[in-house]
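Every value quoted in this text rests on a predicted model; they were computed, and no experiment measured them.
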Amino acid sequence: MLSKLILRLAALLFALAALPASAALNVLATVPEWAALAREIGAEKVNVIAATNALQDPHRIDAKPSLIARARSSQLVVANGAELEIGWLPMVLRESGNAAIQPGQPGYFEAASAVRLREVPTRLDRADGDVHAGGNPHIQTDPRNILTVAQALAARLALVDPANAEAYKANLARFSDRWKTAMARWELVAAPLRGVPVWVQHRSFPYMSDWLGLKELGALEPKAGVEPGSAHLAGILERQKVTPARMILRPAYTRASASEWLGERAHIPVVVLPFTVGGSPEAGDLFGLFDETIRRLLAGLK
């Protein structure tokens, strides 16, 4: 009798384990900003996991077995694109064995495909550092791009999950209304930043600079992705004496040494920006990301 009961319990547990944990669409986003956007558009209809966090360099991630397993169980991959993840995402997709999320399939979406890229190189040479052939991939620093990507992502979610198409459409409408209101507020508050000269540690902010009217004098890196040496920084310090910047902008995930070196000697503040969702305690979602970015930039002017 006891053995039969054990067998029945075992069968029940096996059946429960075989059932899907949730009817939600499994989404794997490569970076935190697109994970946050997928949650805004998908709400309870999606189960979103981010492959990276805000304090990791998204260019350099290990294709760990746990990440491959997540890709294997996903119905949609939301990538940044523009070669941001070229060092690790192709391997993750290939090793997942999941045909539905391969490039060219509906289950693979690139945010960068929805916007016009800036800083498209006129030549491709590895001697120039980590150059992205299609243009600068850091599109999330301009909220206008976020809205454009939101529209494309909602359409893709509806394609992959047509049963919930109306929910995605309604969520997009609500998000768009809130986002447009927030953008108007950010642009009004950030008006004092227009025309302010800045140095950037990495070419992370051309989209933000275009949106806010910041004047980038150059990057501390001699080449994209290459840490500057003392001689190179000394040359920038000389340029600072002739054409002074008001601050140095650094993404939260990058090393502080170069910007701190220049900031101390030039007597200008180093403004560490969250860069993506989770880059600071205040940047807990997309709205907090831009609230905190504007706050820190304005504080750098004082």
Side-chain angles (χ1 to χ4, degrees), residues 31-33 54-60 84 118-119 128-132 135-143 145 186-187 189-283 288-302:
V31 285
E33 60 266 26
L55 299 183
Q56 291 178 297
D57 183 343
H59 302 83
R60 299 174 176 84
L84 180 73
R118 304 183 67 83
E119 298 185 341
D128 296 329
D130 295 333
V131 177
H132 298 278
N136 192 297
H138 304 303
I139 63 172
Q140 84 284 357
T141 59
D142 183 341
N145 287 341
W186 293 325
E187 289 168 2
V189 172
L193 295 168
R194 188 158 296 278
V196 171
V198 299
W199 296 106
V200 296
Q201 179 156 316
H202 176 69
R203 295 293 299 167
S204 301
F205 304 110
Y207 299 94
M208 184 188 74
S209 294
D210 177 70
W211 172 50
L212 296 177
L214 291 167
K215 182 181 178 183
E216 292 191 11
L217 300 183
L220 304 194
E221 293 178 342
K223 299 177 182 178
V226 176
E227 283 289 318
S230 56
H232 180 76
L233 289 173
I236 292 177
L237 184 59
E238 290 302 311
R239 290 172 58 191
Q240 168 70 12
K241 295 175 182 177
V242 177
T243 309
R246 297 281 301 277
M247 62 183 101
I248 304 165
L249 308 184
R250 176 173 75 82
Y253 74 86
T254 57
R255 293 175 59 184
S257 53
S259 55
E260 293 295 342
W261 187 97
L262 182 61
E264 289 174 4
R265 289 160 178 78
H267 306 292
I268 58 176
V270 177
V271 179
V272 181
L273 297 179
F275 190 64
T276 185
V277 173
S280 73
E282 299 83 1
L289 169 63
F290 285 94
D291 283 339
E292 183 62 7
T293 295
I294 298 299
R295 188 194 70 78
R296 292 191 179 200
L297 288 169
L298 290 173
L301 288 181
K302 298 178 180 178

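- The distance from atom CD of Glu227 to atom NE2 of His232, rounded to the nearest 0.5 Å, is 10.5 Å.
- Put simply, the side chain of Leu298 reaches to within 4.5 Å of the side chain of Leu193, judged on heavy atoms.
- A donor-acceptor pair under 3.5 Å is absent between the side-chain atoms of Tyr253 and the main chain of Thr276, judged by distance alone.
- Note on ring orientation: taking the six-membered ring where Trp is involved, the planes of His202 and His59 are perpendicular (angle over 60°, cut-offs 30° and 60°).
- Here the closest non-hydrogen pair linking Ser259 and Val270 is O-CG2, 3.3 Å.
- Closest heavy-atom contact between Glu216 and Pro206: OE2-N, 3.7 Å.
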Using side-chain contact (heavy atoms from CB on, under 4.5 Å), reason through Asp291 and Trp186 one step at a time and then give a plain yes or no.
CA-CA 7 Å; Asp291 283 339; Trp186 293 325; 2.7 Å; yes
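- Using a 4.5 Å cut-off on side-chain heavy atoms (C-beta onward), Lys302 and Pro269 make no contact.
- Contact between Val271 and Gly300 at its shortest, heavy atoms only, is CG2-CA, 4.0 Å.
- The shortest heavy-atom contact between Leu233 and Leu262 is O-CD1, 4.4 Å.
- For the atom pair CG of Asp142 and CZ of Phe290, the computed distance is 7.0 Å after rounding to the nearest 0.5 Å.
- With hydrogens and angles ignored, the 3.5 Å screen pairs no side-chain donor or acceptor of Glu33 with any backbone N or O of Thr141.
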Would Met247 and Ile268 count as a side-chain contact (heavy atoms from CB on, under 4.5 Å) here? Give the steps.
CA-CA 5 Å; Met247 62 183 101; Ile268 58 176; 5.5 Å; no
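- A donor-acceptor contact shorter than 3.5 Å is absent between the side chain of Arg239 and the backbone of Gly235.
- What you find for Thr293 and Leu273 is that their closest heavy atoms are O-CD2, 4.0 Å.
- Summarising the geometry of Leu301 relative to Pro192, their closest heavy-atom pair is CD1-O, 3.9 Å, with the distance given to 0.1 Å.
- To the nearest 0.5 Å, the span separating NZ on Lys215 from CH2 on Trp199 amounts to 10.5 Å.
- To the nearest 0.5 Å, atoms CZ (Phe275) and CD (Gln140) are separated by 4.5 Å.
- Once rounded to the nearest 0.5 Å, the distance linking CG of Leu249 with CG of Leu220 reads 9.5 Å.
- Atom CD in Gln240 sits 7.5 Å away from atom CG in Leu217 (nearest 0.5 Å).
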What's the verdict on side-chain contact (heavy atoms from CB on, under 4.5 Å) for His138 and Leu84, showing C-alpha distance, side-chain angles and the deciding distance?
CA-CA 8 Å; His138 304 303; Leu84 180 73; 3.8 Å; yes
Between Leu297 and Met208, is a side-chain contact (heavy atoms from CB on, under 4.5 Å) present by the stated rule, with each step listed?
CA-CA 11 Å; Leu297 288 169; Met208 184 188 74; 4.1 Å; yes
